[in-house]
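These numbers come from the heavy atoms of this one structure, side chains and all, not from hydrogens, waters or symmetry mates. Letters go in sequence order (proteins before strands), and every chain restarts at 1.
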Number of protein chains: 2
Amino acid sequence: MNHQPDPLLTAGEVARMFRVDPKTVTRWAAAGRIGSIRTPGGHRRYSETECRALLEGSRTGGQA
Amino acid sequence: MNHQPDPLLTAGEVARMFRVDPKTVTRWAAAGRIGSIRTPGGHRRYSETECRALLEGSRTGGQA
DNA sequence: TGGGATTGGGGTAATTCGGGAC
DNA sequence: CGTGTCCGAATTACCCCAATCC
């Protein structure tokens, strides 16, 4: 069920999404709280789909 | 168990898979981090199988 | 043969990694 | 317990242009 390429994000992009430090995103990945793949050079890439899911999934209340 | 030809990818295609610059893919090949074939003109071609293996092989964490 | 798009190479900023501490 | 910052080192991104690909 995965024939479509999954958009990948850099640490900095994910960091801006969550308004945290890129280092924090790295910690999340190291702790296995967020999925990640590594480039042969060692840099991490994150799934945009998963990040947005985490963002929306953790949403509480909101309706005014 | 290898009777089927291995699909070859260009630098740009590999770059999109890893969300990196095509130049970076070239550096991987030059550094021997990834296998590559050269066209008589000097351009490189990469194995799709190997690229996807690297992608999946580096997969980490996610949701438990 | 012509033409648009991509690639390779060199050089230089910007980002990321990793550890360790507060 | 989670996060932001410091450091040095490595990796990656963007600039140029000539050559190659289709």
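Here the C1' atom of nucleotide D/dG2 and the CZ atom of A/Phe18 are 15 Å apart, to the nearest Å. Spacing between atom CD1 of B/Ile37 and atom C1' of D/dC21 amounts to 17 Å, rounded to whole angstrom units. Atom CG in A/Leu9 sits roughly 13 Å away from atom P in D/dA13 (whole-Å rounding). One interatomic measurement links the two molecules: CD1 of A/Ile34 to P of D/dT3, which rounds to 11 Å at whole-angstrom precision.
Scanning all heavy atoms of the two residues, the minimum distance from A/Arg38 to B/Ser58 falls at N-OG, 3.1 Å. Taking each heavy atom of A/Thr49 and A/Pro7 in turn, the nearest pair found is OG1-CD, 4.2 Å.
Of the charged side-chain nitrogens involved, none lies within less than 4.0 Å of a carboxylate oxygen, so that A/Glu48 and B/Arg19 do not count as a salt-bridged pair. Using a cutoff of 4.0 Å between basic side-chain nitrogens and carboxylate oxygens, B/Arg16 and B/Glu13 are not scored as salt-bridged.
A/Ile37 and A/Leu9 are not part of a single hydrophobic cluster, where members link through side-chain heavy atoms under 4.5 Å apart. Both A/Val14 and A/Val20 are members of a single hydrophobic cluster when ILVMFWY side chains are connected at heavy-atom separations under 4.5 Å.
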>> One pair to check against ring-ring contact (aromatic ring centres under 6.0 Å, His included): A/Phe18 and A/Trp28. What are the steps and the verdict?
In response: CA-CA 12 Å; A/Phe18 287 88; A/Trp28 292 344; 5.2 Å; yes
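Close to D/dT12, at under 4.0 Å from its OP1 or OP2, lies no side-chain N or O of B/Arg19. OP1 and OP2 of D/dT11 both lie 4.0 Å or more from every side-chain N or O belonging to B/Thr24. An OP1 or OP2 oxygen of D/dT12 is reached within less than 4.0 angstrom by a side-chain nitrogen or oxygen of B/Trp28.
Two end axes, each from the C1' atoms of five base pairs, can be drawn for the helix from C/dG3-D/dC22 to C/dG19-D/dC6; they diverge by 60°, to 10 degrees.
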> Just by protein heavy atoms under 4.0 Å, how would nucleotides 14-22 of chain C read 5' to 3' in B, S and -?
Replying inline: --BSBBBB-
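One distance of note links OG of A/Ser47 with CZ of A/Arg52; it measures 9.0 Å at 0.5 Å rounding.
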